[in-house]
Amino acid sequence: MSGKIDSAAKKQPVPVNRTPEIIESRSKLPIIGEEQVIMEAISENDVIIVVGETGSGKTTQVPQFLYEAGYSNGNKMIGVTEPRRIAAISVSQRVAEELNETTDIVSYLIRFEGNTGTNTKIKFMTDGVLLKEIQSDFLLNKYSAIILDEAHERRVFSDILIGILSRIVRLRQKRSSPLKLIIMSATLKVDDFSKNQKLFPQPPPIIELSSRQFPVTIHFNKKTPHDYLAEAYNKIYKIHSNLPAGAILVFLTGKLEVKQLVSKLRKAFPYRETDSTDSKIGSNNKCKPSIKKEIGKPLPDINLDDYDIEMHSEDELIISDNSSNDDEDDDEVPSKVMKFSSKPLWVLPLYSMLPAHKQSKIFEPPPLGCRMCVVSTNVAELSLTIPNVKYVVDCGKTKIREYDPLTSVSRFSVVWESKASANQRAGRAGRTSPGHCYRLFSSALFNDEFPEWNLPEIQTTPIDNVILQMKSMKIDKITSFPFPTPPDKQTILEAEKRLITLGALEVDKNVAEINNITPLGKSMAAFPLSPHYAKMLCLSKDRSLLQYMLFIISAMSVQEYLPGDNVDAWKKTKLSWANKGEFLLLGDLMVILRSMGGASHAMKKSGLGGLQEYCTKTGLHQKSILEAWKLNNQLINQLNINVPSLNLNTDSDMTPPTPIQVKQIRQIVLAGMLDRVARRLTTNELNRNGIRPNKAAYYASNLTAIVYIHNSSVLKRSKPEWLVYQEIFEVQDKMYIKGLTAIEPEWLPVYANRLCKTLKVLDDPMPSYDEETGKMFCTVNATYGNLLTNFYPNYNLILEL
DNA sequence: ATAAGACTA
């Protein structure tokens, strides 16, 4: 492959008419000088790796290099994948602008929207979109080159794409219509790609780019404080009081912490409307605040070696030594005696679930004379870039979701971040000028305890769906797939077992260790849903039920579906929606169904405004419900295309389900969630385990531990004897289930028979004839569950004979 | 008597 010049070298160059401004700004990027090196490498190799930190310009420029070199000639496209939707949109717009081309030529395609068309030459997309395209066109014949951006983030989809693309590249080479693969990474940690013989027998060349980041000075704490929230507060206090203008970005682990620190800071450095309206300050950033009225003026530019800032005496404050500790090895922020002028601070919270209009405040300039301070979770590490950050305060921790591949139980933990993350966070201070990063932990701890990298996502998240998708792409032996880093063998086995239980896979009759996809599995894989929900959808053949199921499935597929910030409103709404009878038996899913029905109605009547109003009234989380609504529409469109006779409508109004429909919905939910069944402990069992009799304690079908109904569930009070759950998680060694629906035990052998074992038909009570139905009934001894079958005490089921 | 970080088809 190397050394041989392929047909790409003979491609006709495409002329580009850039504006002088673009030419000027491009010329500053270091990557521009490397165009020839990169293009030669691409021409001579089918696969190359480009390494360049943020600011190297690789994301915007490499697609343009390929375009200009003629890779989009002859009806072929250049495909670029991004891990996030916003990135796909914004980069496509930027590249269109730089090339002076329309968005017909340089387009994007993400899950719910896009502007691609027949003229598209460069197509930016999320990695999931490309993965779906491969399922219908395995050779990706529409493309001459694929660029995988941000491969170092090691998202599940991009890892799978690398594995599959390594094979596509070989196949395309054999057909002498080569596909070029450019893997782009922001870190040099590319061994998993380049030195993985299964992936690329010949290691692809690596091209390293320099970047245009400004230097960031790192300051470690001498000691690691116990309370990083208090320490962050002290540090911000000092920065704001002593250091020159420039925004502060603080990294914490969660929404609650963010809110706490924001309110503490707002109290300490209050901002009043008058602060900015009084000031008559133009571009001059260097005036000194001398009288109280001028509180809102910008910070004085101070010499870092000179801590005596002129201040009005009333504004001075002494911070005691012990609270702010004497343990810094940086000498830029004095710690012994703090002088403090109560200049206002423009404090903004930032986390993913924050409503969009509040999030976008970080992009607006702060009021005149105010310093901005953004208190954020991980969103600001990768997804959102805050302008003009000069100081980063990093608590060193991050919240991760841990997942037990055996039991599917998940748990949130706060752990030390990786060194790579710490670097990424620090880098956020050097986007527009040299900056500083204050790390609230010691360098010794950093060196000894912090892991080098984050684990690839595929090794930490459930892979059931990944495996189903791969099987549907005829990748039979998952263990021999060229993963950059393969998931654990046991994890794969467990996932395949669950898929067999769901009926999506079946054991091959000839080759014992291979599980084949079933027709049901193939249908399931067609939908952008997790296997459980995909199965429910496939079972919802009845058109009248389908619309209800679609609402339930879309809502449950969205993270943090319920509720919003208005907890009290939500409490009332919730109880009124699942109050009695069949509605109560459908439980939390009834609440979800009603909320989707209401939201959809509000959208139809008065659009986003209507939805906003509806969410405020009920306490629903608008961002999530909008996402669920979009998913509902996507699924409806997909169903209409595949089964035109269904003729589903995206905006039909829906009446609440009838009692019979509710029963059918519960049965479908059971069939989909058959491995998530729970039975309430009997009085005896409660006693034996020393649990108070009123507790909602359950055995789950695949666990030994006792699980409890989470407080958010509407079934917490009624405690149905049998139920299915959507989620199970652990908090402080206790297990909770939520997203509950009551089921009837006699449904188990009918709708979930794969996990139900009938042991024997009992003589006592005798089988009997039921006059009403004209059927024979008997009582059987049965067990349910696949992990510890005999853990379930034998349970009497009444069955129809 | 109330796990929630951030991504995605």
Side-chain angles (χ1 to χ4, degrees), chain A residues 81-88 109-114 125-136 150 153-161 251-258 350-354 376-384 397-403 409-415 417 421 454 457-458 460-461 465-466 468-469 472-473 525-530 533-534 554 557-563 567 570-571 574 621 623-624 627 630-631 634-635 638 694-696 707-714 716-717 727-739:
Chain A
T81 72
E82 294 291 333
R84 282 167 291 279
R85 294 181 198 160
I86 348 152
L109 185 61
I110 61 173
R111 184 176 193 155
F112 298 120
E113 59 176 275
M125 60 200 131
T126 34
D127 33 28
V129 168
L130 186 63
L131 203 55
K132 268 279 175 251
E133 278 185 22
I134 293 176
Q135 293 182 5
S136 53
E150 317 279 17
E153 286 186 23
R154 306 300 308 274
R155 311 297 302 273
V156 173
F157 284 169
S158 77
D159 266 19
I160 302 293
L161 275 176
F251 284 104
L252 299 177
T253 69
K255 172 177 155 180
L256 216 68
E257 284 177 0
V258 166
L350 185 64
Y351 45 86
S352 150
M353 282 297 142
L354 195 67
S376 174
T377 61
N378 262 348
V379 253
E381 191 179 310
L382 297 169
S383 315
L384 294 170
K397 301 246 168 154
T398 184
K399 190 175 280 174
I400 56 162
R401 187 184 198 136
E402 289 174 311
Y403 168 80
V409 175
S410 62
R411 170 174 66 188
F412 281 93
S413 308
V414 174
V415 298
E417 65 184 325
S421 269
N454 294 335
E457 203 181 60
I458 201 160
T460 61
T461 50
N465 195 30
V466 171
L468 182 60
Q469 294 297 326
S472 81
M473 296 166 83
F527 296 105
L529 295 168
S530 82
Y533 300 144
S554 330
S557 300
V558 168
Q559 63 165 355
E560 300 243 10
Y561 176 72
L562 307 163
V567 182
W570 178 241
K571 257 184 202 164
K574 192 166 73 173
H621 192 268
K623 238 183 173 177
S624 317
E627 185 82 2
K630 285 183 190 166
L631 176 57
Q634 185 196 18
L635 292 172
Q638 205 179 336
N694 60 340
K695 281 276 180 191
V707 303
Y708 298 88
I709 294 187
H710 189 255
N711 267 325
S712 63
S713 174
V714 290
K716 172 102 193 200
R717 271 158 182 259
E727 281 175 283
I728 180 158
F729 52 90
E730 193 189 313
V731 182
Q732 289 164 1
D733 294 329
K734 247 182 134 181
M735 310 269 242
Y736 296 92
I737 48 177
K738 70 181 275 186

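Chain A is the first sequence line, chain B the second, and so forth, proteins listed ahead of strands; every chain is numbered from 1. Quick caveat, the model's predicted, so the values are computed rather than measured.
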Quick one: label A:Lys397 by what it contacts on the DNA or RNA (base, sugar-phosphate, nothing), any heavy atom closer than 4.0 Å.
nothing

Checking the side chain of A:Lys574 only, and the main-chain atoms of A:Ser712 only, is there a donor and an acceptor separated by less than 3.5 Å?
yes

Atom-pair distance (CE on A:Met473; C1' on B:dA9), nearest Å
12 Å

For the pair made of CZ in A:Arg85 and C1' in B:dT8, what is the distance, rounded to whole Å?
7 Å

Calculate the interatomic distance between A:Phe412 atom CZ and B:dC7 atom C1'; express it in whole Å.
13 Å

Heavy atoms under 4.0 Å, any strand shown: does A:Arg155 hit a base, just sugar-phosphate, or nothing?
base

Taking OP1 and OP2 of B:dA6, is either one under 4.0 Å from a side-chain nitrogen or oxygen of A:Lys623?
no

Using heavy-atom distances to pick each residue's nearest nucleotide on DNA chain B, tell me which of A:Leu529 and A:Glu402 is more 5'.
A:Glu402

Value in whole Å for how far the P atom of B:dA4 lies from CD1 of A:Ile400
13 Å

Any side-chain heavy-atom pair of A:Leu350 and A:Val379 under 4.5 Å:
yes

Below 30° counts as parallel, above 60° as perpendicular, anything between as tilted: where do the rings of A:Tyr708 and A:Tyr736 land?
tilted

Looking for any heavy atom pair under 4.0 Å, which part of the strands does A:Gln469 touch: base, sugar-phosphate only, or nothing?
base

Nearest to the side chain of A:Asn711 - B:dT2, B:dG5, B:dC7?
B:dT2

Between B:dA6, B:dA9, B:dG5, spot the one nearest the side chain of A:Ile110, thanks.
B:dA9

Using a heavy-atom cut-off of under 4.0 Å over every strand shown, decide if A:Asn454 touches base, sugar-phosphate, or nothing.
nothing

Base, sugar-phosphate alone, or nothing: which one does A:Glu727 contact when heavy atoms must sit under 4.0 Å apart?
base

Are any of A:Thr253's side-chain N or O atoms less than 4.0 Å away from OP1 or OP2 of B:dG5?
no

Using atom CD1 of A:Ile709 as one end and atom P of B:dA3 as the other, report the distance to the nearest whole Å.
15 Å

For A:Gln469 and A:Gln135, the nearest pair of non-hydrogen atoms, with its separation, is OE1-NE2, 2.8 Å

Provide, to the nearest angstrom, the distance between the CE atom belonging to A:Met125 and the P atom belonging to B:dT8.
15 Å

Per A:Tyr351 side chain, nearest of listed nucleotides B:dG5, B:dA4, B:dA6:
B:dA6

B:dA6, OP1 or OP2 - any side-chain N/O from A:Thr377 closer than 4.0 Å?
yes

Between B:dC7, B:dA9, B:dT2, which one does the side chain of A:Ser352 approach most closely?
B:dC7

Does A:Ser383 put a side-chain nitrogen or oxygen below 4.0 Å from OP1 or OP2 of B:dC7?
yes

Rounded to whole angstrom units, what separation is found between the CD atom of A:Glu417 and the P atom of B:dA6?
15 Å

Distance-minimising heavy-atom pair for A:Phe527 and A:Leu635
CD2-CD2, 4.0 Å

Residue mapping more 5' on DNA chain B - nearest nucleotide basis, A:Lys399 or A:Phe527:
A:Lys399

Considering only NZ, NE, NH1 and NH2 on the basic side and carboxylate oxygens on the acidic side, decide whether A:Glu627 and A:Arg85 come within less than 4.0 Å.
yes

Can you tell if the side chain of A:Arg84 reaches within under 4.5 Å of the side chain of A:Glu82, non-hydrogen atoms only?
no

Side-chain atoms of A:Arg111 come closest, of B:dA9, B:dG5, B:dA6, to B:dA9

Using a 4.0 Å heavy-atom cut-off, does A:Tyr736 contact any base of the nucleic acid, only the sugar-phosphate backbone, or nothing at all?
nothing

Let's test your reading of the model: under 3.5 Å, does the base of B:dA9 pair with the side chain of A:Asn465 as donor and acceptor?
yes

Nearest-Å distance for atom pair CD1/C1', residues A:Ile86 and B:dC7
10 Å

Pick base, sugar-phosphate or nothing for A:Ser410, based on heavy-atom distances below 4.0 Å to the nucleic acid.
nothing

For the side chain of A:Asn378, counting heavy atoms from C-beta on, which of B:dA6, B:dA9, B:dA1 is nearest?
B:dA6

